[in-house]
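Okay, so here's the structure we're looking at.
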There are 2 protein chains.
Amino acid sequence: MTDINSSKRGSSPSSPSLGGDRHRSAKAGGNPLFLRDEELRQAIELLFYAYRDFTGEPDIILAERDLGRAHHRVIYFVGRYPGMTVSHLLDILKITKQSLSRVLSQLMAEGYIRQDQGQEDRRQRLLTLTDKGAELERLLTETQRKRIARAYRNAGPEAVEGFRDVMLGIISGDADRARFENRGE
Amino acid sequence: MTDINSSKRGSSPSSPSLGGDRHRSAKAGGNPLFLRDEELRQAIELLFYAYRDFTGEPDIILAERDLGRAHHRVIYFVGRYPGMTVSHLLDILKITKQSLSRVLSQLMAEGYIRQDQGQEDRRQRLLTLTDKGAELERLLTETQRKRIARAYRNAGPEAVEGFRDVMLGIISGDADRARFENRGE
DNA sequence: GCATATATGTCAACATGACTGACATAAATT
DNA sequence: AATTTATGTCAGTCATGTTGACATATATGC
């Protein structure tokens, strides 16, 4: 594997204008929107970098088991909502049933997830993690939990509140936002 | 569409155990880690939902032009750092040069991005957006900017500070975190 | 100046995870 | 009895990542 990270902290001495021009010129021009634009761009980039790193560690663990990020998402949410239906999962992930089907079939074939017929509505297939599935879920989520815990600890409780508020504002639907009500108190 | 959210607050007659048990049981057991576990899981989910929605709108605009999210990322960062090198871009995106190459070639063929030879180091290909590229960048970034601006406005300045702090804590490398220094003051 | 390292590009093969479209089955609902 | 809903499946395609190998031009170190 090419060690592309090596170039990371060396910050390529060969790229002189790397990071200031656009902002300096806007600032120099006295553009009153400068701060706002810069602030918003930073948020965009925070989301990019944070998500990239947030998924990085689990991806490695998954790759060792020939699984991918899609499997992780399924395992995570089935662990979160034991006995959830396929529809519910589709709705959270916002992917097609064909895409989900492949991932889900693999997870059941490998013994990570179990399906039970619904009692009230026998068309439903209620999804639960097997012991093997729960173990992998813990392993994967642990890396993310640690990362978040570290960030929360360093930032402090007020920052955590602010983080939550902003993140909720970024989410589109009331339905999704509602998932976060009355749970932290 | 099925109202899966109804299942969340315990209704969903068909799936009785759908969303509360795991937490309630932990809570009932008086587990002191309950709040922390719940808090951390919420953070994990906030990241998932926020990122999903954050990329949703640009993806639609991109699809109309037969481009994808990978093209967006390149256009965004080239717009952010005009004249940046290929190495720098590789380092930010953390993908292989072969992956980047395909996307970059397409963008140049379609006239979104221009390459100029570096003056100091003539091996470098300095990347800049063309007018067409800058226009698309504005269009794409505008949707994300609006989303963030709305979230920031509703959450308030203190929340924004907290959001920043937590997001920075989630990012792995000092080098990446350093990109956010001394820019918002 | 020669050897080596670096920045970039390119060919080829492959895996993953998304998509569309079409069709099938069983169970619930009207 | 007709329709809708929950789920599954087959087939094809596309976007985006991967590894490995190799090529070229330029910069740098001795």
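Just so you know, these numbers use all the heavy atoms, side chains as well, and skip hydrogens, waters and symmetry mates. Every chain is numbered from 1, with letters handed out A, B, ... down the list of sequences.
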Report task. Not counting sequence neighbours, which residues clear salt bridge (charged side-chain N to carboxylate O under 4.0 Å, His left out) with Arg122(A)? List them please. Result -> none

Show each protein N/O and nucleotides 10-13 of chain D N/O combination with a separation under 3.5 Å, one pair to a line.
none

**Report entry** First of Lys97(A) and Ala70(A) reached from the 5' end of DNA chain C, by closest nucleotide
**Finding:** Ala70(A)

Requested in this report: Could you tell me the separation between the NZ atom of Lys97(A) and the CG atom of Leu90(A), rounded to the nearest 0.5 Å?
Outcome: 9.0 Å

Requested in this report: Find the distance between CD1 (Ile75(A)) and CD (Glu137(A)) and round it off to the nearest 0.5 Å.
Outcome: 8.0 Å

Report task. Mind running a 4.0 Å heavy-atom check of residues 103-116 of chain B against DNA chain D and sending the residues that fall below it, in number order? Result -> none

Report task. Output all residues satisfying salt bridge (charged side-chain N to carboxylate O under 4.0 Å, His left out) with Glu57(B), sequence neighbours left out; order by chain, then residue number. Result -> Arg147(B)

Query raised in the report: dG9(C) phosphate, OP1 or OP2: any side-chain N/O from Ser101(B) under 4.0 angstrom?
Result: no

Query - Relative orientation of the end axes in the helix from dG1(C)-dC30(D) to dT30(C)-dA1(D), expressed as an angle to the nearest 10° (five pairs per end) - result: 30°

Report task. Identify, with sequence neighbours excluded, every residue that meets side-chain hydrogen bond (donor to acceptor under 3.5 Å, both in side chains) alongside Ser99(A). Result -> Thr96(A)

Requested in this report: Please check if the side chain of Lys146(B) supplies one atom and the backbone of Thr141(B) the other of a donor-acceptor pair under 3.5 Å.
Outcome: no

Requested in this report: Let me know which of Arg73(A), Arg179(A), Arg80(A), Arg177(A) forms a salt bridge (charged side-chain N to carboxylate O under 4.0 Å, His left out) with Glu45(B).
Outcome: Arg80(A)

Query raised in the report: Got a sec, which residues hit side-chain hydrogen bond (donor to acceptor under 3.5 Å, both in side chains) with Thr55(A), two or more places apart in sequence or on another chain?
Result: Arg69(A)

Query - Under 4.0 angstrom between Arg73(A) side-chain N/O and dA18(C) OP1 or OP2 - result: yes

Query - DNA chain C-proximal residues of residues 52-68 of chain A, any heavy atom under 4.0 Å - result: Gly68(A)

Query raised in the report: With distance as the sole test, does Thr128(A) use its side chain to make a donor-acceptor pair with the main-chain N or O of Gly83(A) at under 3.5 Å?
Result: no

Query raised in the report: Reading nucleotides 24-30 of chain D from the 5' end, what letters show protein touch, with B for base, S for backbone sugar-phosphate only, - for no heavy atom under 4.0 Å?
Result: -BBS---

Query raised in the report: Quick one: His88(A) NE2 to dT5(D) P, roughly how many Å, whole number?
Result: 18 Å

Query - Between P of dT16(C) and CD1 of Ile95(A), the distance in whole Å - result: 16 Å

**Report entry** Min side-chain heavy-atom separation Leu127(B)-Leu89(B) under 4.5 Å
**Finding:** yes

Query raised in the report: Is there a side-chain polar atom (N or O) of Ser99(A) under 4.0 Å from OP1 or OP2 of dG17(C)?
Result: no

Report task. Measure the distance from NZ on Lys94(A) to C1' on dC19(C) and round it to the nearest whole Å. Result -> 17 Å

Report task. Output all residues satisfying side-chain hydrogen bond (donor to acceptor under 3.5 Å, both in side chains) with Ser101(B), sequence neighbours left out; order by chain, then residue number. Result -> none

Query raised in the report: Roughly, in whole Å, what's the span from CE in Met84(A) to P in dA6(D)?
Result: 14 Å

Query raised in the report: Out of curiosity, Thr143(B) OG1 to Ile61(B) CD1, how far, rounded to the nearest 0.5 Å?
Result: 5.0 Å

Report task. Would you mind reading off the distance between Asp91(B) atom CG and dT8(C) atom P, rounded to a whole angstrom? Result -> 11 Å

Query - Check: Phe48(B) ring centroid to Phe77(A) ring centroid under 6.0 Å - result: yes

Query raised in the report: Would a distance-only check, ignoring hydrogens and angles, find a side-chain to backbone donor-acceptor pair under 3.5 Å from Gln144(A) to Phe54(A)?
Result: yes

Report task. Verify the contact: side-chain N or O of His71(B) to OP1 or OP2 of dA15(D), cut-off strictly under 4.0 Å; return yes or no. Result -> no

Query - Interatomic distance, Leu89(B) CG vs dG17(D) C1' [rounded to whole Å] - result: 15 Å

Query raised in the report: Which nucleotide in the set dG17(C), dT8(C), dT7(D) lies at the smallest distance from any side-chain heavy atom of Val86(B)?
Result: dT8(C)

Report task. For Glu135(A), look at atom CD and say whether over 12 heavy atoms of other residues, nucleotides or ligands are found less than 6.0 Å away. Result -> no

Query raised in the report: Could you state the CG-C1' distance from Leu90(A) to dT5(D), rounded to the nearest angstrom?
Result: 13 Å

Query - Partner residues of Gln106(A) under the side-chain hydrogen bond (donor to acceptor under 3.5 Å, both in side chains) criterion, sequence neighbours left out - result: His71(A)

Report task. Provide, to the nearest angstrom, the distance between the CG atom belonging to Leu100(A) and the P atom belonging to dT7(D). Result -> 10 Å

Query - Contacts of Arg52(A) that satisfy salt bridge (charged side-chain N to carboxylate O under 4.0 Å, His left out) - sequence neighbours left out - result: Asp176(B)

